[in-house]
**Q** 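The structure follows.
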Protein chains: 2
Amino acid sequence: MHPRIVDTLKKNQLSITESRKKILEMFLQRKGALAHADIEQQSGEEFDRVTIYRTLQTFVEKGIIHSIPSADNSVRYALCKDDCSEGHHHDNHVHFMCDHCGTTYCLDHVSVPPVAIPPGFKVTQVDVVASGTCMKCQ
Amino acid sequence: MHPRIVDTLKKNQLSITESRKKILEMFLQRKGALAHADIEQQSGEEFDRVTIYRTLQTFVEKGIIHSIPSADNSVRYALCKDDCSEGHHHDNHVHFMCDHCGTTYCLDHVSVPPVAIPPGFKVTQVDVVASGTCMKCQ
DNA sequence: ATTATTTTGCAACATTGTTGCATTTGTGTA
DNA sequence: TACACAAATGCAACAATGTTGCAAAATAAT
């Protein structure tokens with residue numbers, strides 16, 4: 001088991017349960033983003049569907065993971081950059097979604113460029129969603 | 001009826017039907033984006049739910065409208081900039097979604113800044129999704 | 001006007017997400 | 001360690017959303 005799992009849960013005042021440990025481990029092991037369906041398949045019916053929904057919701061509220069915008073109506077989640085031990089500041093993110101294999105990459109180290117939003121809008125968050133073909137699918 | 005409706009449909013080799021005319025008119029009249037539910041409500045059960053799904057799908061395929069990425073798993077659509085009479089080149093778009101009233105604005109005139117995607121990724125489209133509070137909700 | 005093609009509406013189904021509640025699990029304390 | 005309290009889980013039922021096949025209706029072509 002990944003060493004940071006229990007730490008992260010404790011820091012966020014969450015009970016250490018099987019589902020939370022396992023789901024958090026999936027995020028730590030895999031670089032890319034995960035959809036609800038991915039988790040359901042990978043865990044092999046170990047957890048109830050409802051439990052997965054609630055766990056993801058809890059993780060989002062605590063700022064452990066964040067949801068990634070997509071145009072095809074599939075919600076995906078990825079780990080927040082800094083384990084969010086400091087709380088959940090809404091980071092700006094750059095994501096890449098491969099049209100071919102569907103993998104979503106969370107490019108934490110790419111900075112979001114300034115965007116000239118017209119006056120009148122109060123911007124709190126900017127997400128950049130790039131899509132195309134990833135290195136594995138060239 | 002908006003004068004461009006029949007033209008747009010003809011240019012895209014689509015039959016001129018009631019649902020297509022009415023749904024396209026909704027997009028032309030309203031500046032913001034529309035979700036499936038919006039259309040269903042505004043048309044007042046005039047059309048079957050399935051018809052709306054299929055009409056939206058057709059419009060997307062023809063490049064008349066495009067879907068807007070969002071983090072909350074709600075698909076919204078907006079008119080393509082140039083009526084897409086030329087076919088569907090994948091434009092880069094800036095969108096703004098108001099956290100308060102849920103309205104999605106399609107900021108066609110704001111240009112998408114260059115983003116430094118790491119080598120290995122072949123980018124075909126970049127969407128920028130800003131969120132916060134719109135002018136009506138300040 | 002008539003025929004051929006396309007679109008629509010209906011029904012049935014599949015998927016995805018939500019809620020309430022009893023049972024189980026985890027946490028804090030003696 | 002054992003106990004009581006709090007929290008999370010699983011189940012069932014439900015709601016919302018999206019899909020598919022097919023007969024009937026509307027549109028387009030002749």
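Chain naming here is simple, since letters A, B, ... match the order of the sequence lines and numbering starts at 1 in each. Given the structure is predicted, the values throughout are model-derived calculations rather than measurements.
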**Q** May I have the distance from D48(B) (atom CG) to dA12(C) (atom P), rounded to whole angstrom?
**A** 14 Å
**Q** Can we say E25(A) and K22(A) salt-bridge, meaning some charged N sits less than 4.0 Å from an Asp/Glu carboxylate O?
**A** no
**Q** Nearest whole angstrom, please: distance from the P of dG10(D) to the CZ of F47(A).
**A** 7 Å
**Q** Taking CD from E40(B) and P from dT8(C), how many angstroms apart are they, rounded to a whole number?
**A** 15 Å
**Q** Taking the side chain of T51(B) as heavy atoms from C-beta outward, which of dT8(C), dG17(C), dA12(D) is closest to it?
**A** dT8(C)
**Q** Between dT15(C) atom P and Q41(A) atom CD, what is the distance in whole Å?
**A** 12 Å
**Q** Check the distance between dA26(D)'s P and R20(B)'s CZ and give it to me in whole angstrom.
**A** 15 Å
**Q** Give the rounded distance in Å between these two atoms: CG of D72(B) and P of dT18(C).
**A** 11 Å
**Q** Quick one: do Y53(A) and Y77(A) end up in the same hydrophobic cluster if we chain Ile, Leu, Val, Met, Phe, Trp and Tyr together by side-chain heavy atoms under 4.5 Å apart?
**A** no
**Q** H36(A) has a side chain; which of dA28(D), dG18(D), dG17(C) sits nearest to it?
**A** dG17(C)
**Q** Nearest-nucleotide wise, let me know which of R54(B) and E18(A) is further upstream toward the 5' end of DNA chain D.
**A** E18(A)
**Q** Hey, could you give me the CZ/SG distance between F27(B) and C106(B), rounded to the nearest 0.5 Å?
**A** 10.5 Å
**Q** Looking at dG17(C), dC11(D), dT17(D), which one has an atom nearest to any side-chain atom of V50(A)?
**A** dC11(D)
**Q** Quick check: does any side chain N or O of D38(A) sit under 3.5 Å from a backbone N or O of A35(A), one acting as donor and the other as acceptor?
**A** yes
**Q** Could you tell me whether the side chain of R49(B) has a donor or acceptor atom within less than 3.5 Å of a complementary atom in the base of dG9(C)?
**A** no
